[in-house]
Structures are given as structure tokens and as C-alpha cells.
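See structure below.
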Amino acid sequence: MKRLLAPILLIAAAPALSGCVALAVPVATGLVMGGRIQDDARTKEGDETALAAASADKASLTPSIAPSEFDGADPGSDADAQVALLASSKVTGVAPFAEMPAPDGIATIDDDHDYTGLFAKVTAIAQRDPFAEEKRLSAMLANPADLKPERAECAFAQTAVLVDLDPGSEEAPLGDDVVASEPLVRVLATLRAQEVAVLWLSRHTAVRAGAVRRMLLRTGLDPRGTDELYLVRYEDESKATRRADAAKDYCIVAILGDEKRDFDELFAFLKDENAAFALDPLLGEAWFVAPPPLTSPTQPDEEG
């Protein structure tokens, strides 16, 4: 406001000034106005540069798949090729989980398990257009009683991975010597970067939520402490109920567990798990068998 008022006062005072001074007034006024125009131009130029830089940053952070990689292929017509592509780290803007650094100061071990299949399958879904006609399929069976590998369709909810923390029929260890799988820490960090939610399921009751949360933080499995916990609410509640609750809240496209009953409760009632061989196509597609996420050197082996 002061800068605008200055030239006006100079012009108003011009008639009362001597000739030389009066002559200098228009010059001074022109300099003031010219300086303001240059400032405005620089401000506008700076705003445009900042806007362009912000757009470039946003574009660089947005994961995308190069169109040439899938030209001429129908969605889902060559699923194996797409999985191989994603696992080979040719996805623009998505770091391969093997290169994702693990958080500092965490307790991890290398369990030598290959999580490439889980990473590739979930990434393929996370990269999909949310408004595409192709529906996302849940890792939950549409009708378990039919013993058919038909999966329920997802509602419009966030894509998620459900990880069962418990080893076998036991509860997940929460001792001070517990360590986590380093490869799993890396793959989960990469999936979170693609806005995939990570959910944790355990038969620990809700009163142990604090201890479970601290363990996930200490081992780097949930370094920010923001993942959802699905713990049983009372002693007699089954994990199947909590698994179903999680499926209502999220689109669970993959389940990670150390035994088949972690995927569906029906395996707990079968005398021979092989009787449900019709569900085997889901293994490596939506169900992934892996060692327990948390292990304790002092915990006795179940078979020992």
C-alpha cells in the first residue's frame, strides 16, 4: 500500500515544486512504477516455476507401468507375464522390495524366504485403475462350504494384506529376544509406499494390544505404529471372526500365514487338509505360506 501511495503523492506535489524538481518527479514516479512491474513479473514467474516443480514432483512419485510393456495385451490375459514384470522391478516409481532399506535399530533376521510372489501379486492389483471394470477379488472365499476357489468380490475399499502373526496354534511371541523376518520387513515397507494397508491378525486378546504394538514397532514390521490390529476381543473368540471383520473394512487381496488354517477356518475341521485340494490354486495367488513373522530363539519348537 505504501509503495502505491508514494507515486501518487509525488504527482500531487509536482505543481508546487521548482522546475528542475518538478521535472524529476515523473522520472521518479516512472522508476517506482517500473520497479513494481518488475517485482510483479518476478513474483508471477516464481509462482509458475514453483507450480511446475510441484507438478514434476507429483508425477515422479506416482507409480505407473510403462504402456509399452503391456501393449496389445488384455487385462489379466497374461497374468504370469505381468507378475514376472513386476517382480523384475520395471514398474516406474516403485522400488523393488529387495532394495528397500530396512529401518535402523530393529531386530530382524534373514529367514531366506522368497516373498517375490506376494510382492508381485499385490503390486499388480495396487497398480490397477480403481475405476476399471475388472473387479478386485478378495482373498476370502465366496462360499467356503462349496470347496471351490471362488473368491468374493471387493467393495470399494482400500487394498490390504492380512498377516497372521501366530505360529501354528500358539500365540505370537512377545519376549525381548523376538526378531522379525528382514525380507518381510522390506516387502511390507514397499507395499505401504503403494498405499496398500497392512493388517495384523493374532489370537492375543485386545488387552495385549499395547504389547503387540510395541513388538511390531521394535522389530520394524510396523515402524510407524499405524497398521490396524485385529486381535480377538475375548478368550473364546476365534480368529475367523476377526478375519471376517477385517474383510469388511478392507479389500484383503492377500493373506500371509504359516499354515492353511490361517487362510480359512474350514481347514481346522478337516481331518486331511489335502481333501480341500480344489482350493490349491489360491496358494501363491491370494494365499501365501511363509514362516511366522516373529520368532524367538528361546521359544521351544512345536515339534520338539
Between [X] (side chain only) and [Y] (backbone N and O only), is there a donor and an acceptor less than 3.5 Å apart?
X: T241; Y: E237; value: no
X: R136; Y: A126; value: no
X: R203; Y: E170; value: yes
X: R213; Y: D227; value: yes
X: W287; Y: A139; value: yes
X: D177; Y: S296; value: no
X: D258; Y: P167; value: no

How about [X] and [Y]: do any of their side-chain heavy atoms sit closer than 4.5 Å?
X: V212; Y: L174; answer: yes
X: L184; Y: L221; answer: yes
X: V178; Y: T295; answer: no
X: P293; Y: V163; answer: yes
X: I255; Y: M140; answer: yes

side-chain contact (heavy atoms from CB on, under 4.5 Å) evaluation trace for H113 with Y115: CA-CA 6 Å; H113 186 77; Y115 293 91; 3.5 Å; yes
Nearest 0.5 Å, what's the [atom1]-[atom2] distance between [X] and [Y]?
X: T116; Y: K121; atom1: OG1; atom2: NZ; answer: 12.5 Å
X: L294; Y: S202; atom1: CG; atom2: OG; answer: 9.0 Å
X: D222; Y: W200; atom1: CG; atom2: CH2; answer: 7.5 Å
X: E171; Y: R208; atom1: CD; atom2: CZ; answer: 7.0 Å
X: L162; Y: D164; atom1: CG; atom2: CG; answer: 7.0 Å
X: K260; Y: E265; atom1: NZ; atom2: CD; answer: 15.5 Å

V289 and L283: CA distance, side-chain angles, deciding distance, side-chain contact (heavy atoms from CB on, under 4.5 Å) verdict: CA-CA 8 Å; V289 179; L283 296 173; 4.3 Å; yes
Linked, directly or transitively: I125 and L188 (ILVMFWY side chains, under 4.5 Å): yes
Heavy-atom pair with the smallest gap, counting every atom of A209 and L229: O-CD1, 3.9 Å
Where A172 and D166 come nearest, the two heavy atoms and their spacing: N-OD1, 2.9 Å
Residues T123 and Q194: side-chain donor-acceptor under 3.5 angstrom: yes
Anything under 3.5 Å between a donor and an acceptor, one on a side chain of residues 244-254, the other on a protein residue two or more places apart or in another chain? List them.
residue: D245; atom: OD2; partner: R233; partner atom: NH2; Å: 3.2
residue: D245; atom: OD2; partner: R242; partner atom: NH1; Å: 2.7
residue: D249; atom: OD2; partner: Y230; partner atom: OH; Å: 2.8

Derivation and outcome, side-chain contact (heavy atoms from CB on, under 4.5 Å), residues R192 and V198: CA-CA 7 Å; R192 288 190 192 95; V198 178; 3.9 Å; yes
What pairs of donor and acceptor atoms, side-chain ones from residues 141-151 against any protein atom, are under 3.5 angstrom apart with sequence neighbours left out?
residue: N143; atom: OD1; partner: A145; partner atom: N; Å: 3.4
residue: N143; atom: ND2; partner: D146; partner atom: OD2; Å: 3.1

Residue list, ring pair (Phe, Tyr, Trp, His ring centres under 6.0 Å) with F288, at least two apart or on another chain: none
Derivation of the side-chain contact (heavy atoms from CB on, under 4.5 Å) call for D262 and L201: CA-CA 9 Å; D262 293 336; L201 178 67; over 6 Å; no
